[in-house]
2 protein chains.
Amino acid sequence: MVASKRAKRAKRITIADVAREAGASVATVSRVLNGVDTVAPGLAERVRSAMDDLGYRPSAAAQGLARGRSGTIGVLVPDLANPYFHDIIKALSAVARSAGGRVLVMDSNEDPAVERELTEDLLRYADGLLLCSPRMPRADLAAMAGRGTPLLVTNRQVQGLALHSITVDFFRGIMALCGHLARLGHRRVLYLEGPRHAWANGERLRALSGAEAFGLDVVTLPCGSTTDEGYAVAPAALESGATAVIAYNDFVALGVLARFSELGVRVPDDISLTGFDEIDMARFAAPPLTTVAVPRDRLGQAAGEALGRIMAGGEDIEPETIPVELRVRSSTGALS
Amino acid sequence: MVASKRAKRAKRITIADVAREAGASVATVSRVLNGVDTVAPGLAERVRSAMDDLGYRPSAAAQGLARGRSGTIGVLVPDLANPYFHDIIKALSAVARSAGGRVLVMDSNEDPAVERELTEDLLRYADGLLLCSPRMPRADLAAMAGRGTPLLVTNRQVQGLALHSITVDFFRGIMALCGHLARLGHRRVLYLEGPRHAWANGERLRALSGAEAFGLDVVTLPCGSTTDEGYAVAPAALESGATAVIAYNDFVALGVLARFSELGVRVPDDISLTGFDEIDMARFAAPPLTTVAVPRDRLGQAAGEALGRIMAGGEDIEPETIPVELRVRSSTGALS
DNA sequence: CTGAAAGCGCTAACAG
DNA sequence: CTGTTAGCGCTTTCAG
């Protein structure tokens with residue numbers, strides 16, 4: 001026989017091939033594949049060996065279509081490079097995996113428009129969706145919430161929308177930070193603001209104004225969420241007259257710290273500094289950063305479980321709030 | 001009519017629903033959906049509005065099955081938390097997106113067994129696969145390479161296997177680092193080894209022994225790839241008698257730096273230190289880290305393009321090697 | 001315990 | 001330009 005025309009796309013091996021090879025019906029193959037029913041041990045064995053003789057690999061698309069669900073849960077994050085989201089994803093993946101599912105991650109690059117688009121796309125693939133810290137306008141969220149989409153949102157609360165959510169207790173975190181600073185004698189603190197549209201930023205501001213009731217003087221400076229932005233804003237921070245600065249998160253704090261160090265400003269002797277989130281690097285900074293630990297793995301796990309319930313048609317899922325914990329290290333000190 | 005039994009799973013809206021609503025055939029709907037053919041403007045418009053009136057969302061599974069491809073490319077990384085891979089993923093996603101596709105990421109958690117399993121799983125979903133720095137045994141790789149799987153591997157070269165790969169020029173990177181150190185007068189350097197099974201580690205060692213030919217004395221210490229490991233090995237590094245330490249990567253270097261700082265060891269006055277990869281944090285360290293920049297976005301883009309060619313049935317893809325660049329900062333200094 | 005056959009939602013010829 | 005109609009690979013009744 002003439003050699004097949006090269007590059008002759010090796011036809012996909014299907015369940016029918018396996019059935020033929022094993023001398024069984026496709027139904028039977030499907031059964032052993034799904035570990036269901038009671039297939040005669042002998043037959044099952046033949047099927048199994050036929051499967052790996054042929055290197056059979058079930059088509060996810062076909063299974064998904066036939067089953068009516070993909071076994072995939074989608075996750076949309078604003079920035080994959082942020083370790084904050086890794087831990088969430090990891091924990092979520094673990095939950096999904098233990099249920100025979102998997103996670104499909106996408107990165108919206110902090111762009112609300114892309115976010116909306118990807119959400120739509122993700123929904124075509126996944127059975128349920130986790131939106132991490134979504135920046136998209138309320139209206140978009142509302143549109144999805146309406147259609148009974150299996151959606152779960154983290155780090156954002158949307159008033160008056162039937163939207164399941166899990167949030168972190170940023171409020172308490174900031175209060176703890178403020179209390180700590182106040183006990184050290186600080187009276188005037190500077191808050192470096194996070195991204196404009198981040199709910200987390202709003203929460204922090206809300207808490208901060210609460211702290212003012214306790215006699216703490218709070219000034220703010222627009223900044224952002226990255227090390228670069230922290231580095232850039234550091235000189236201005238110095239001029240605020242505050243004796244302590246509360247950075248939006250650890251990245252910002254690290255940037256501030258780097259700049260301070262270059263400027264010869266000593267932390268905490270000259271000025272105290274705090275972060276938020278407790279990323280790994282926080283404790284390796286010089287000095288190690290006082291920050292607020294957010295149990296992201298717990299968040300991820302809770303999200304996985306909640307989504308499971310939601311997709312199972314579960315009604316009334318309780319909104320959850322994950323507690324945080326103050327981590328005092330040496331970037332904060334008593335006012336001399 | 002009696003209220004429908006609650007939780008009555010809202011039936012999926014299909015192309016048929018849209019067709020009916022728009023008074024067209026499914027074929028026509030499919031056409032406007034795919035932007036193909038020439039559909040009468042009026043009809044197309046009716047279809048389109050029917051689509052969003054109904055909130056229609058094409059099923060990825062059905063499309064995938066019918067088309068015979070999913071438009072998805074899979075990526076497997078050993079650790080999502082490593083920024084090294086983000087940039088690759090981001091660049092790859094961009095390539096995929098611009099071709100109407102998307103990327104499905106999974107994390108093997110540095111476990112070769114999981115790696116193999118996930119690879120298999122990923123292949124059921126994706127049209128092609130990018131294996132980043134795979135740790136799995138050669139035999140496993142060989143098994144896949146055989147079946148003509150559209151596979152691309154980065155950061156690992158496998159002798160005698162028909163496996164497409166894109167690698168980074170670690171060899172040159174280490175040589176550049178050694179040359180730099182030698183010019184500063186260093187004669188005895190310590191290399192902190194990376195993960196046992198990482199091809200990248202082997203390459204670095206190979207380069208290091210090449211450097212010995214130039215009169216550089218190289219000693220090594222097992223370490224790893226994380227900040228923690230760097231932190232832990234730092235004291236031992238001090239006892240090696242070396243005047244400069246070459247850390248496996250920036251993370252390790254950062255850990256070493258943190259410990260040195262605690263120990264009162266000054267960098268580079270007392271000892272020089274280098275990293276590898278140039279992660280963001282490298283330039284914010286105190287002192288900023290001398291390191292080797294790896295153009296990860298380029299790697300990701302190249303990978304995307306190569307995979308495109310491979311999946312298109314392209315024969316003989318040239319193995320590519322991405323060049324690196326030395327970044328001299330202040331963590332290295334002349335020997336006093 | 002096993003097989004036949006009807007879809008799952010969509011695409012892609014193939015006819016009009 | 002538009003509609004009909006086979007499949008895509010797998011699951012799942014429904015008979016046997």
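Keep in mind that this is a model prediction, so the values were computed, not measured. To find a chain, count down the sequence lines: A is the first, B the second, and so on, and within it residues start at 1.
By the side-chain hydrogen bond (donor to acceptor under 3.5 Å, both in side chains) test, A:Arg298 pairs with no residue at all, sequence neighbours left out.
In the set C:dG9, D:dC10, D:dG3, D:dG3 carries the atom at the smallest distance from any side-chain atom of B:Ala27. Comparing C:dT11, C:dC1, D:dC10 against the side chain of B:Ser30 picks out C:dT11 as the nearest. Listed nucleotides: D:dT2, D:dC8, D:dT5. Nearest to the side chain of B:Val26: D:dT5. Set against C:dC10, D:dT2, D:dC14, the side chain of A:Arg31 has D:dC14 as its closest nucleotide. Closest to the side chain of A:Ala24, out of C:dG3, D:dG9, C:dT11, is C:dG3. Checked against D:dT2, C:dC10, D:dG9, the side chain of B:Val39 finds its nearest nucleotide in D:dT2. Each of C:dT11, D:dG3, C:dG3 was ranked by its minimum atom distance to the side chain of A:Thr28; first place goes to C:dG3.
The residue B:Ser59 sits close only to the backbone: its heavy atoms come under 4.0 Å of sugar-phosphate atoms, none of a base.
Mapping B:Ala62 and B:Ala40 onto DNA chain D via the closest heavy atom, the residue that lands nearer the 5' end is B:Ala40.
The distance from atom CD1 of A:Ile13 to atom P of D:dG9 is 11 Å, rounded to the nearest whole Å. Atoms CZ (B:Arg124) and C1' (D:dG9) sit 12 Å apart, rounded to a whole Å. Distance, A:Leu65 CG to D:dC10 P: 12 Å, rounded to whole Å. With rounding to whole Å, B:Ile15 atom CD1 is found 12 Å from C:dA12 atom C1'. Following rounding to the nearest Å, B:Asn34 (CG) and C:dG9 (C1') show an atom-to-atom distance of 13 Å. When the C1' atom of D:dT12 is taken as reference, atom CZ of A:Arg69 falls 13 Å away, rounded to whole Å. Counting to the nearest Å, the P atom of C:dC1 and the CZ atom of A:Arg46 are 15 Å from each other. Atom CZ in B:Arg57 sits roughly 15 Å away from atom P in C:dG9 (whole-Å rounding).
Summarising the geometry, atom OH belonging to A:Tyr125 is positioned 6.5 Å from atom OG belonging to B:Ser70; distances are rounded to the nearest 0.5 Å. Taken from OG in B:Ser165 to CZ in B:Arg156, the straight-line distance is 11.0 Å, to the nearest 0.5 Å.
Taking only side-chain nitrogens and oxygens, B:Gln63 never comes nearer than 4.0 Å to OP1 or OP2 of C:dG9.
Partner of B:Asp107 under the salt bridge (Lys or Arg N to Asp or Glu O under 4.0 Å) criterion, out of A:Lys90, A:Arg102, A:Arg97: A:Lys90 alone.
Judged by distance alone, with hydrogens and angles left aside, B:Arg67 brings no side-chain donor or acceptor close enough to the base of C:dG9 to form a pair under 3.5 Å.
For the residue pair A:Arg138 and A:Gln159, no side-chain donor N or O sits within less than 3.5 Å of a side-chain acceptor on the partner.
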